[in-house]
Student: 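If you scroll down you'll find the structure; I have some questions about it.
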Amino acid sequence: MEKQLHVKKDDTVIVISGEDKGKRGKVVEVSPKEGKVIVEGVNIVSKHVKPRRQGETGGIVKVEGAMYASKVQLYCDKCNKGVRVKTNVVDGKKVRVCAKCGKEL
């Protein structure tokens, strides 16, 4: 069974622990099965790429690596920091809002 994550694709998040603490970025990919996310411009790793076709060059490429979703928090523009999320029901739909200021995320 896949677990539910607190972040979704295209959310703006801030890293709360680790080497990239304090960095902000957009979620590019979410993997609920592993509990990991890939954030744009965060957790840059070197990947060795082999040339696949004739004429193509291989080498070392810098790409974003996956990181655990527990290391990121949703970013609130109004609070200007990472915040916890609560859900409110608006017109019969669940909406994620900032737990501090109540701004819709």
Side-chain angles (χ1 to χ4, degrees):
M1 189 171 105
E2 290 182 2
K3 51 185 169 178
Q4 188 96 17
L5 295 179
H6 65 287
V7 290
K8 296 178 184 176
K9 190 177 176 182
D10 297 328
D11 281 345
T12 303
V13 294
I14 190 164
V15 180
I16 57 172
S17 71
E19 198 177 295
D20 294 316
K21 183 177 179 175
K23 285 190 180 178
R24 206 170 43 191
K26 196 170 93 172
V27 176
V28 179
E29 198 176 316
V30 178
S31 178
K33 197 172 186 178
E34 296 175 308
K36 293 186 176 186
V37 293
I38 296 176
V39 183
E40 196 174 53
V42 177
N43 194 25
I44 303 295
V45 293
S46 297
K47 183 178 177 182
H48 295 258
V49 179
K50 225 176 180 179
R52 294 286 169 205
R53 287 186 222 102
Q54 196 172 8
E56 192 176 299
T57 57
I60 301 168
V61 181
K62 302 271 187 190
V63 291
E64 291 103 359
M67 63 191 317
Y68 285 106
S70 60
K71 289 186 165 212
V72 297
Q73 237 181 359
L74 260 133
Y75 182 78
C76 178
D77 295 326
K78 192 173 177 185
C79 297
N80 206 24
K81 61 182 178 181
V83 292
R84 290 183 183 167
V85 179
K86 69 178 186 179
T87 55
N88 285 350
V89 180
V90 179
D91 299 328
K93 285 192 174 187
K94 280 187 182 178
V95 177
R96 295 181 304 163
V97 295
C98 172
K100 291 237 180 197
C101 67
K103 181 182 182 270
E104 197 174 305
L105 299 172

Student: Got a second to check how far R84's CZ is from C98's SG, nearest 0.5 Å?
Tutor: 11.5 Å
Student: Which atom pair, heavy atoms only, marks the closest approach of C101 to K78?
Tutor: SG-CD, 3.9 Å
Student: Enumerate the salt bridge (Lys or Arg N to Asp or Glu O under 4.0 Å) contacts for residues 55-66, please, sequence neighbours excluded, ordered by first and then second residue.
Tutor: R53-E56
Student: Which heavy atom of T57 sits nearest a heavy atom of P51, and at what distance?
Tutor: C-CB, 4.1 Å
Student: The criterion is side-chain hydrogen bond (donor to acceptor under 3.5 Å, both in side chains); which residues satisfy it with R24, sequence neighbours excluded?
Tutor: Y75
Student: Could you work out, with salt bridge (charged side-chain N to carboxylate O under 4.0 Å, His left out) as the rule, every residue matching K100, not counting sequence neighbours?
Tutor: none
Student: Mind checking what makes salt bridge (charged side-chain N to carboxylate O under 4.0 Å, His left out) contact with D10, not counting sequence neighbours?
Tutor: K26
Student: Taking only residues two or more places apart in sequence or in another chain, which ones pass side-chain hydrogen bond (donor to acceptor under 3.5 Å, both in side chains) with K103?
Tutor: none
Student: What pairs meet the salt bridge (Lys or Arg N to Asp or Glu O under 4.0 Å) rule with one or both residues in residues 40-50, with sequence neighbours excluded?
Tutor: none
Student: Name all residues meeting the salt bridge (charged side-chain N to carboxylate O under 4.0 Å, His left out) criterion together with E19; count only those two or more places apart in sequence or in a different chain, and write none if there are none.
Tutor: none
Student: Nearest heavy-atom pair of V15 and S17: which atoms, and what distance?
Tutor: CG1-O, 3.2 Å
Student: Running the 4.5 Å side-chain criterion over Ile, Leu, Val, Met, Phe, Trp and Tyr, what cluster does V90 land in, apart from itself?
Tutor: V95, V97
Student: What residues, two or more places apart in sequence or in another chain, satisfy salt bridge (charged side-chain N to carboxylate O under 4.0 Å, His left out) together with R96?
Tutor: D11
Student: What are the two closest non-hydrogen atoms of S46 and I60, and how far apart are they?
Tutor: CB-CG2, 3.7 Å
Student: Using the side-chain contact (heavy atoms from CB on, under 4.5 Å) criterion, which residues pair with A66? Sequence neighbours excluded.
Tutor: K36, I38
Student: Partners of S31 by side-chain hydrogen bond (donor to acceptor under 3.5 Å, both in side chains), sequence neighbours excluded?
Tutor: E34
Student: For the residue pair V30 and P32, establish whether any side-chain heavy-atom pair is separated by less than 4.5 Å.
Tutor: yes
Student: Give me the atom names and distance for the closest heavy-atom approach of V42 to K23.
Tutor: CG2-CB, 4.0 Å
Student: Can you name the side-chain contact (heavy atoms from CB on, under 4.5 Å) partners of V45, sequence neighbours left out?
Tutor: N43, V63
Student: Would I14 end up clustered with V7 when hydrophobic side chains under 4.5 Å apart are linked, directly or stepwise?
Tutor: no
